[in-house]
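Here's the structure we're looking at; comments come further down.
All values below were derived from every heavy atom in this structure, side-chain atoms included, with hydrogens, water molecules and symmetry-related copies excluded. The chains referred to below are lettered A, B, ... by the order of the sequence lines, with proteins before strands, and numbering in each begins at 1.
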Amino acid sequence: MSYDFQAIETRWQRYWAEHQTFRTEIDRSKPKYYILDMFPYPSGDGLHVGHPEGYTATDIVTRYRLMRGDNVLHPMGWDAFGLPAERYAMKTGTHPATRTAECVANFRRQMQRLGFAYDWAREIDTTSPSYYRWTQWIFLKIWGAYFDEALGKARPIEALPIPDDVEAAGPKAVRAYRDARRLAYLHDAPVNWCPELRVVLANEEVAEHVEAGRTVVRKPMRQWMLRITAYAQRLLDDLDTVDWPNSTHAKQRNWIGRSEGAEVVFSVCGVEGPEGALRVFTTRPDTLFGATYMVIAPEHPLVSQITTADRRAAVEAYVRKTARRSERDRQAAAADGDKTGEFTGAYAINPVNQAKIPIWISDYVLMGYGTGAIMAVPGHDTRDHAFATAMGLPILEVVSGGERSVQAEAFPGEGVAVNSGFLNGKPTPAAKQAMIGWLEEQQLGERTVNFKLRDWLFSRQRYWGEPFPLIHRPDGEVVAVPEDQLPVTLPDVDDFNPSESGEPPLAKATAWRELPDGSLREVNTMPQWAGSCWYYLRYLDPHNAEAPFSREAADYWLPVDLYLGGDEHAVLHLLYARFWHKVLFDLGYVGTQEPFRRLIHQGLILGATYLPRDKRRNEEGEVVFFMPGDVEEADGQWTVRATGEPVDEQWEKMSKSRGNVVNPDDVVERYGADTLRLYEMFMGPLEHSAPWQPEGVGGCFKFLKRVHALMFSDEGLRQDLVDGQGSARQRKLLHRTIQEVTERIERMQFNTAISSMMVFTRDLVGKGEPPPKGTLRCFTLLLAPFAPHLAEELWAALGNPNTLAREPWPEADESMLVEDTWTCVVQIRGKRRAELQVPANASKDEVVALVMGDTTVQRHVGGREPRRVIYVPNRLVNIVV
RNA sequence: GCGAAGGUGGUGGAAUUGGUAGACACGCCAGACUAAGGAUCUGGUGGGGUAACACCUGUGAGGGUUCGAGUCCCUCCCUUCGCACCA
């Protein structure tokens, strides 16, 4: 009976489904373990072999932990809102819900063919009303909360203290006071609007559309924002409590971007009152004596007030130009170091030395960071230096220690203060503290912390997303849809395009939007991130109709013990989910500060394409490439089979547009799911990216065939299998294999765990001794997490009536790991010269005597007296002569 | 520029606390069985050297510590990925 993987895999997949083998419930008698995969967006292209890499890894851990007796939660679902389904609807007229259902069905079918141990009873879909009902519910909790600075946490908006003067001004004032402090608030924010497509683009989408020749303009729109900045410090601090990759820690830190410094008040000459106070943020208050001019952002509210008549035309032209320029344009110019700007005609007084310095506007100062205004210290800031040089502004040295003159080059490093009055002679850190102290004393400024993190633009002008459960009253009041009326479902529409003016598609669903009392529903939808911000919570209690999840389930399962997914989500998804989790923690819905205890990013699986040397493009302007089937290789040179044209091999992330996708269905068809799983894990460390090499798959297939042949011959179950644990050598190897595989699973080093099993199998086959059943029994259990279908087949053939999924994991017998002898490597002056077997119980002196008696050793020592002998038990002897 | 991760055979990759560099697999070479092999099995395979040994050499480059360095320290070089006018 040959290895009929198709029959085997079908049989066991049906068995697991029928017996609900991987169904999970709360069980307080066992340790819990929550293993989570980042759930996929079910695209129309289906899975490629990159997807199952992470899923296989978590599946191995799941099956291993089950056998270790843990209660494991391992769910799967679909992140199914998003633009592709909506674009597809615009093109074909197919409703996004229909399309999404098709794609989900295909993804589910492909995944189930791989035999993953998911509890499919917990499957979720972010687009299902029974799911997004609770996404809306959580949004209302966020909208209904404010951040209490004193307590450092969110509280219900009803708890917000209302100042007496606001109270006295009436309910409208109270409402405005509250609305301004909610964690979800309305704000006029510029968006990337593409008039051709009538779509608002995310920042990261702008580049591709501009390249495709479309226009993208900045356009102010009323947007919902989430006050993630209130959590900046906690999001930063709590990173220390999670076991995540360094790179991800670093990316989040960098994104949050905390910097310490001071705010300093400059007064604008000739402008009285509060308008005349120009606040700047600086991380280098010690350089205040070197401020020779100021720059404010073109969008700064003070610009029009302070600009003098003779400068007005130039300044207004510059402001208009900046407004039109896309973010991308500005960044491109920034990369070249070009600095532009205009003088406002106004002057400010430097509070530390009363110097009168000019105020400029320039787009290198960003309205969104700090106060939107800076004091420019060209001697010690490279950007200010470039600007001062371009505009002919004076440059002063106030910190010594630079290698070149500050006239030639800014010195941004630390040194000793000079030309700085009372700071002179102080090293930079001390000078900073002294200046902050002085500013606070004079009430001219104070110590401040600033973050790069901005509030989260949370609304999208699209159809295929969660509707906001909010209603705009005719008087402008915004009220929540009552909880018992959730979900606010998406109306059926035929036209998924936004209006020409940029109104979202839902604005056209007037019957849905307009309510009898003249109120209007909110017509923006939530971004795709919303559903993924809390899906790991819904898995805990997916059928709960009263709440998103019970506190009991949260307390039992949280936090996620192992979270696996690509590092493309290192910042946004993980930061947003942490933010929501903290809000839910503050409001008492979950009991942990952080959702994901341990995080691992799997690497990419790369696909090959072959590029002509001339990098030519076809009529549509696309790069011409060839696929693996079109080319052949000889002496390291690839050529197109049909034409003989030389081409270069290129490995890239798999994507349909690059034509380098490998479909797991094809691999399963030819080799089976167990082989695919095994190869994906054998390719290398989980975190590494690696090329997909079809020949390698064959190697893993051969291994499984060899394993199958341990128990089955052409005639069926082998009759020559012997009882018991086999020879002493076989037993020793088995226990070493148990030990290695166990250790390597624990360390998630699956490639080397597989290598151990290969060594074991080769030995069992190669020595010609009939395989002992006891040995096979243990080995089958070791194999189970990696190749579960074949393992179940072997397990049944060994006479076991039930699944091995909860069979206890084999324990290595310590006494079997002890060897009688060890290989002693002999080094002479550090160079390896010989090796010999020595008895395990030999003492140092005995080993050294044995070594010195060896003929090879004697030849190298040549009668000289050893000056020193280093003895490392179980390893080596090094003789120094 | 800043930050992070890396650099080991033709390829993917192994190598506890410093202790046999190249496990395992692909590819390649040779052989076996075959009508045939893109099937299967056996052996070989870092480079140089040899009839075969011996021996020499070798983990991006150069230095250092050590009896001993892929691993530790210093100085460089290169690759990939993030972020990027954040004051």
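Here A:Arg706 reaches the OP1 or OP2 of B:rC41: one of its side-chain N or O atoms lies under 4.0 Å away. Side-chain N/O atoms of A:Arg833 include one lying less than 4.0 angstrom from OP1 or OP2 on B:rC55. In this structure, A:Asn751 does not reach the B:rA25 phosphate: none of its side-chain N or O atoms is under 4.0 Å from OP1 or OP2. The side chain of A:Lys339 contributes no N or O atom lying less than 4.0 Å from OP1 or OP2 of B:rC85.
From A:Met435, atom CE reaches atom OG of A:Ser420 across 7.0 Å, with rounding to the nearest 0.5 Å.
The side-chain heavy atoms of A:Arg677 and A:Met681, taken from C-beta on, include no pair separated by under 4.5 Å. For the pair A:Asn350/A:Phe289, no side-chain contact is recorded, criterion being any heavy-atom separation below 4.5 Å from C-beta on. Here the side chains of A:Arg447 and A:Glu260 are not in contact, with every heavy-atom distance at 4.5 Å or above.
Salt bridge annotation for A:Arg279-A:Glu446: present, with a cationic side-chain nitrogen under 4.0 angstrom from a carboxylate oxygen. Salt bridge status for A:Arg253 with A:Asp240: present, with a side-chain N to carboxylate O gap under 4.0 Å.
Comparing the C1' positions of B:rC72 and B:rG82 gives an interatomic distance of 29 Å, to the nearest angstrom.
Looking at A:Gln827, its side chain comes within 3.5 Å of the base of B:rG19 through a donor and an acceptor atom.
Checking B:rU20, B:rA87, B:rC24 against the side-chain heavy atoms of A:Asp381 singles out B:rA87 as nearest. Taking only side-chain atoms of A:Leu876, from C-beta outward, the nucleotide of B:rG19, B:rA21, B:rC85 with the closest atom is B:rG19. Here the nucleotide nearest the side chain of A:Thr283, chosen from B:rC85, B:rG19, B:rA87, is B:rA87. For A:Pro685, whose side chain is taken as the heavy atoms from C-beta onward, the closest listed nucleotide among B:rG19, B:rA25, B:rA14 is B:rA14. For A:Ile374, the side-chain atoms get nearest to B:rA87 when compared with the rest of B:rC83, B:rA87, B:rG12. Of the candidates B:rC26, B:rU16, B:rA15, B:rC26 carries the atom nearest the A:Lys702 side chain, counting heavy atoms from C-beta on. Comparing atom distances between the A:Met683 side chain and each of B:rG12, B:rC55, B:rC67 picks out B:rG12 as nearest. Considering only side-chain atoms of A:Phe281, the nucleotide from B:rA87, B:rG19, B:rC55 that sits closest is B:rA87. Across B:rG13, B:rU16, B:rA15, the shortest atom-to-atom separation from the side chain of A:Arg875 is found for B:rU16. Which of B:rA87, B:rU17, B:rA39 sits closest to the side chain of A:Lys705 comes down to B:rA39.
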Nucleotide-level pairing of RNA chain B, given in dot-bracket where Watson-Crick and G-U pairs need both distances under 3.5 Å and | marks other strands: (((((((..(((......[....)))((((((.......))))))(((......)))..(((((..]....))))))))))))....

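A syn orientation is assigned to B:rG9, its glycosidic angle lying within 90° of 0.
Minimum heavy-atom separation, A:Asn660 to A:Lys653: ND2-O, 3.3 Å.
Listed by residue number, the members of residues 246-261 of chain A with any heavy atom below 4.0 angstrom from RNA chain B are A:Asn246, A:Ser247, A:Ala250, A:Lys251, A:Asn254, A:Ser259.
Applying the ring pair (Phe, Tyr, Trp, His ring centres under 6.0 Å) test to residues at least two apart or on different chains, the pairs with a partner in residues 674-694 of chain A are A:Tyr679-A:Trp692.
For A:Lys339 and A:Tyr364, the positive end sits near the middle of the six-membered ring, less than 6.0 Å away and at most 45° from its axis.
For an aromatic pair to be called close, the ring centres must be under 6.0 Å apart, and A:Phe760 with A:Phe779 satisfies this.
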